[in-house]
Amino acid sequence: MPVRIPRTFFDRPTLRVARELLGARLVRLHEGQRLSGRIVEVEAYIGQDDRASHARMGPTLRNAAMFGPPGHAYVYLIYGVHTCLNLVTEEEGFPAAILVRALEPVEGIEQQQRWRGNVPLRNLARGPGRLCRALGIDRSFNGVDLCSETSTLWVEFDRHYADEAIACSPRIGVRGDETAIRAPWRFFVADSPWVSGSATFNRGSVHPCPTTSP
DNA sequence: GGATCGATCGGCT
DNA sequence: GCCGATCGATCCG
């Protein structure tokens, strides 16, 4: 039986957690059925000094989950249209989270297709808004404890990817050209057809993978 | 495959 | 008022 990833996993430096989440399986339980996908792309948002983070202006009602304990979900609405899922990391009080950007579909694909309007399989969960729609994740999941045995959303260990299979790049969709904001805090499975972004961007902007943050 | 543009809401300045 | 950690439709090559 697969087991939920425990809170101790999330209660660690965010870049390490982000790297190790690649290959893990995100599971949503819906009416007794498992809907899931393998995480193939993530982005790290670390601390109040991260100019791209929602936590940059300090704690607010919206970003409260980022300041809360690790192992919880931070879910928000973007552009008035799409939902994004983050997994909160590091000790309570320190605002950090990992944006889940793409999944390789694994279980309950038919239900996911229904929620997605029968788009091509490749686009089922390729992008942060798309994967939320595929798994039926809305803002009612904000603050949910992924490590509680009673929640209907969690993460399991699944595949392991060697370092050579992993690539890094600047985060997608963040504005500004300061070096700090361009930190290569996006991790993805190189050459996976399931990651978002264009092939040329994914190949052309690859950085060495960082292991420590400022 | 790539560029552009509109949608549409909540949260902050 | 302004502006997003985006997506899909549409147009072009």
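In what follows, chains carry the letters A, B, and so on, assigned in the order in which the sequence lines appear, proteins first and then strands, with residues in each chain numbered from 1.
Across the protein-nucleic acid pair, Arg126(A) atom CZ and dC7(C) atom C1' stand 11 Å apart, rounded to whole Å. Between Tyr79(A) atom OH and dG11(B) atom C1' there is a gap of 15 Å when expressed in whole angstrom units. Taking atom CD of Glu43(A) as the reference point, atom C1' of dA5(C) lies 6 Å away to the nearest angstrom. Rounding to whole angstrom units, CZ of residue Arg182(A) and C1' of dA5(C) are separated by 14 Å. Residue Asp50(A) contributes atom CG, which lies 10 Å from atom C1' of dA5(C) at whole-angstrom precision. Atom CZ of Arg101(A) is separated from atom P of dT6(C) by 5 Å (rounded to the nearest Å). A straight line from CG of Leu131(A) to C1' of dC7(C) spans 13 Å, rounded to a whole angstrom.
Between Thr200(A) and the phosphate of dG2(B), there is a side-chain N or O to OP1/OP2 separation shorter than 4.0 Å. Listed pair Arg51(A) / dG4(C) fails the phosphate criterion, with no side-chain N or O lying under 4.0 Å from OP1 or OP2. For His82(A), no side-chain nitrogen or oxygen approaches OP1 or OP2 of dC7(C) to under 4.0 Å. For Arg56(A) and dC12(B), the shortest distance from a side-chain N or O to OP1 or OP2 is not below 4.0 Å. OP1 and OP2 of dC9(B) both lie 4.0 Å or more from every side-chain N or O belonging to Arg139(A). Checking the phosphate oxygens (OP1, OP2) of dG11(B), no side-chain nitrogen or oxygen of Thr60(A) falls inside 4.0 Å.
Backbone-only contact: Ile78(A) has heavy atoms under 4.0 Å from sugar-phosphate atoms and none from a base. As judged by a 4.0 angstrom heavy-atom cut-off over every strand, Arg62(A) is placed among residues touching the sugar-phosphate backbone only.
In this structure a side-chain-to-backbone donor-acceptor pair under 3.5 Å is missing from Arg38(A) to Glu104(A). Glu43(A) places a side-chain N or O within donor-acceptor distance of the main-chain N or O of Ile172(A), the cut-off being under 3.5 Å.
Salt bridge status for Glu178(A) with Arg182(A): absent, with no side-chain N to carboxylate O gap under 4.0 Å.
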Practice problem: For ring-ring contact (aromatic ring centres under 6.0 Å, His included), just list the numbers for His54(A) and Tyr45(A), CA-CA rounded to whole Å, side-chain angles, deciding distance to a tenth of an Å, and then say yes or no. | Solution: CA-CA 8 Å; His54(A) 288 169; Tyr45(A) 290 85; 7.4 Å; no

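The side-chain tip of Arg203(A) does not point at the ring of Phe201(A) from less than 6.0 angstrom away and within 45° of straight on.
Base pairing of dC11(C) is made with dG2(B), judged by Watson-Crick or G-U wobble geometry with both donor-acceptor distances under 3.5 Å.
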